[in-house]
Protein chains: 2
Amino acid sequence: MPNRQPTVRDVAQAAGVSAATVSRALSFPDKVSEATRIKVLRAVEETGYVVNQLARNLRRRTTSAIVVLVPNLGNQFFSHIIAGIESAASRAGYTVLVSDTRPPGGGEMLMDFVRNNRADGLISLDGNLPGSILSSASGGRGRPTLVFACEWHDGLGVPSVRFDNEGGAELAVEHLVSLGHSRIGHLLGPPGNVLTDARFAGYRRAMARHGLPVREDWILQGDFTLDSGVQAGREWLELAERPRAMFLANDEMAFGFISELHGKGVEVPRDLSVVAFDDIDIAERYIPALTTVRQPRHEIGEAAFATFLKAFNGATTELIRTLPATLIVRDSARPA
Amino acid sequence: MPNRQPTVRDVAQAAGVSAATVSRALSFPDKVSEATRIKVLRAVEETGYVVNQLARNLRRRTTSAIVVLVPNLGNQFFSHIIAGIESAASRAGYTVLVSDTRPPGGGEMLMDFVRNNRADGLISLDGNLPGSILSSASGGRGRPTLVFACEWHDGLGVPSVRFDNEGGAELAVEHLVSLGHSRIGHLLGPPGNVLTDARFAGYRRAMARHGLPVREDWILQGDFTLDSGVQAGREWLELAERPRAMFLANDEMAFGFISELHGKGVEVPRDLSVVAFDDIDIAERYIPALTTVRQPRHEIGEAAFATFLKAFNGATTELIRTLPATLIVRDSARPA
DNA sequence: ATGAAAGCGCTAACAC
DNA sequence: GTGTTAGCGCTTTCAT
């Protein structure tokens, strides 16, 4: 048994044909005669040959691999989106690699990964990519392909697939209003985030539609993390005058927020109605079960990959594709 | 501006040296004269050259990239382990790619990825790898490097870094006993999983030590998912005689379990004490806050990468490295 | 210390 | 339909 991996040449020799023919038989079976194909396939079996993608990619300048950039692998919300991407990708014969954008230098390394033809491009679930990535990937001649999913970045011509965040936020507030609430506060996501802005805009829009005041002191700052929800809970408890309902920009913060209140004897929904955003898996099993806005996560993943593939192949794509959100009514919000 | 990425040759020309020298200046700065190095570096700047890893790896037969296999990206538990791997890896100049083992054909594709020199090897957080991967990666001459973290696979000579699952389980049960409990049940993880077995063994050991009976009907079957926790909750509610305490094999199931009971008017810890395993982020903010066994997740990630690097470089490694677990006492278990 | 030349394994262009 | 040739971009002997 040879020490090294067999190469096309070994197969060629075993099959009694040329290396080029082996390559053709494997990549374009139609371009080769029935008989040769069989000979080659048999030789492949015999030798235990596996194509060296490295060499293939170096030649073809394409890799059938794609990198997904996630702002926070810890947030379970993303896993379903990744699953969606994966299922579309595997149908197309693509390998999906996931990477967190937060580790120091992580984004940079990944970008090099793509720039080096080790992956065909990126799907970013993080709208705040380092400028270096944005500039070198924003499409165009010979540039790596980039697509945003969930989040996005205004101004650049980068295609994005997103949820209707503003509409979802309106749904949340409308629900609260329909329950008889009028004193409604909001816990924001991180500053400078497109989702934060869109959800806040939806909140304001719905409030305005009903002539409800948006009180400065009822707008709390968060950053989508559990801890920031806890912190917001503390601030809420100190409020001179408290709202009777809160629309929280995501589920994770809601858990921190509700639990902090619970620790101080304030119960949701008894003392405060809460609607959140995302509908991650635990939302249904939190106590109280969370009323929240659901986004079709698997679908968006699939759509993102489809968009990526189109863009990579040079087809024109819709620049913005928006998927609808729906409200899931459970226990955390009740009549005023 | 040229249409294509600059190559070593472009840099060589700009610097007035040969391609070989450029390569040397970049890879082994010491092997080149001060003056040339400066010239080359300047030329690199000018041309905007970035090394093409693909070509480099094809030549060097090493990639500085590693793939991490995760059984379930949705379980937040893994994200901290990945973070640990990432921090150790980035210090070593490695790129970390994560992949879910569940998508159809996913494992296979990933293995090809490695077999093709597109990554140096794998760290698997999944003990139940397809046989094809195990056999082609189980180390040895020219074989891709594989290391297990958290989970493992007995029999093969694959190095693994793990938590003291059995000890952690004992801690959990001891705690319950110290609270005065004697009627203690257990919710298992998935069948055929090493963690399931180890945690169950720890449970039995602690029970035996105190002369407590292990009742068949108090051993429920789960699979580490939220849903299986819900299902177990239903079964628990139907029990003719109920235990007064439960040790659940992970947090995720605990959420499903506790919430299902809550829906039926059975409250934790009022009516039932619960201790779980993992201490994922939400555990502290669940209602009730979960008493659970914590594992040093970041550390295990770092240790796993260190082990990987050693193994990849041909050094001998401890075959089994075990990290201690600690009990985090919160609200979900109280005196009998 | 540097350059010339060979070659990693594969595929695309061209000839037959 | 198949073989020959060249070359993807890099690194690494081997000379000098």
Side-chain angles (χ1 to χ4, degrees), chain A residues 2-41 43-44 47-65 112-118 120 142, chain B residues 2-41 43-44 47-65 112-118 120 142:
Chain A
N3 197 354
R4 55 179 191 74
Q5 292 265 339
T7 76
V8 260
R9 252 176 302 259
D10 298 320
V11 179
Q13 189 167 6
V17 298
S18 79
T21 301
V22 173
S23 171
R24 276 190 287 257
L26 263 30
S27 296
F28 310 97
D30 310 340
K31 301 214 157 219
V32 102
S33 82
E34 175 78 24
T36 340
R37 197 183 330 146
I38 296 184
K39 270 195 298 184
V40 170
L41 260 29
V44 167
T47 53
Y49 171 79
V50 210
V51 64
N52 182 327
Q53 296 283 358
L54 215 63
R56 167 177 286 178
N57 297 340
L58 180 59
R59 201 55 244 248
R60 285 199 183 158
R61 310 173 141 277
T62 176
T63 67
S64 290
D112 280 346
F113 206 79
V114 175
R115 214 182 276 128
N116 287 298
N117 298 308
R118 297 213 275 168
D120 289 349
Chain B
N3 196 356
R4 55 181 190 75
Q5 293 265 339
T7 76
V8 259
R9 248 171 312 256
D10 298 321
V11 179
Q13 190 166 7
V17 299
S18 78
T21 301
V22 172
S23 172
R24 274 190 289 258
L26 263 30
S27 295
F28 310 97
D30 311 340
K31 302 214 158 221
V32 103
S33 83
E34 175 78 27
T36 341
R37 194 182 333 143
I38 296 184
K39 268 194 300 184
V40 170
L41 260 30
V44 167
T47 53
Y49 170 77
V50 210
V51 64
N52 181 328
Q53 295 286 356
L54 215 64
R56 165 178 285 179
N57 298 341
L58 179 59
R59 211 39 253 248
R60 285 199 181 159
R61 308 172 142 278
T62 177
T63 66
S64 291
D112 280 346
F113 206 79
V114 175
R115 214 183 277 127
N116 287 289
N117 300 309
R118 295 214 275 169
D120 289 349

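Just so you know, these numbers use all the heavy atoms, side chains as well, and skip hydrogens, waters and symmetry mates. Quick note on labels: first sequence line is chain A, next is B, and so on, each numbered from 1.
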About how many Å separate [atom2] of [Y] and [atom1] of [X], when rounded to the nearest 0.5 Å?
X: B:Leu54; Y: A:Arg61; atom1: CG; atom2: CZ; answer: 9.5 Å
X: A:Thr21; Y: A:Lys39; atom1: OG1; atom2: NZ; answer: 9.0 Å
X: B:Thr62; Y: B:Arg60; atom1: OG1; atom2: CZ; answer: 8.0 Å

Kindly point out which of [options] is positioned nearest to the side chain of [X]?
X: B:Arg60; options: D:dT12, C:dG3, D:dG3; answer: D:dT12
X: B:Val51; options: C:dC8, D:dC8, D:dC10; answer: D:dC10
X: A:Val17; options: C:dC10, D:dG9, D:dG3; answer: D:dG3
X: B:Arg9; options: D:dT11, C:dC10, D:dC8; answer: D:dC8

A:Thr47 side chain to A:Val44 backbone, donor-acceptor under 3.5 Å: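 Here the side-chain-to-backbone pair exists.
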Determine: side-chain N/O of [X] to OP1/OP2 of [N], distance under 4.0 Å, yes or no.
X: B:Ser23; N: D:dT11; answer: yes
X: A:Thr21; N: D:dG3; answer: yes
X: B:Thr36; N: C:dA1; answer: no
X: A:Ser18; N: D:dG3; answer: yes

Return the value, rounded to whole Å, for the distance between atom [atom1] of [X] and atom [atom2] of [N].
X: B:Arg61; N: D:dC10; atom1: CZ; atom2: P; value: 18 Å
X: B:Phe28; N: D:dC10; atom1: CZ; atom2: C1'; value: 12 Å
X: A:Asn52; N: C:dG7; atom1: CG; atom2: P; value: 18 Å
X: A:Gln13; N: C:dG9; atom1: CD; atom2: P; value: 15 Å
X: B:Leu54; N: D:dC8; atom1: CG; atom2: P; value: 14 Å
X: B:Gln53; N: C:dC8; atom1: CD; atom2: P; value: 20 Å
X: A:Asn57; N: C:dA12; atom1: CG; atom2: P; value: 12 Å
X: B:Arg24; N: D:dT13; atom1: CZ; atom2: C1'; value: 10 Å

Residue closer to the 5' end of DNA chain C, B:Ser33 versus B:Arg59 (nearest nucleotide):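 Result of the comparison: B:Ser33.
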Given DNA chain C, 5'-ward residue of the pair B:Ala20 and A:Val8, judged by closest heavy atom: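 The answer here is B:Ala20.
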B:Arg59 side chain to B:Ser23 side chain, donor-acceptor N/O pair below 3.5 angstrom: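 No, B:Ser23 and B:Arg59 have no side-chain donor paired with an acceptor closer than 3.5 Å.
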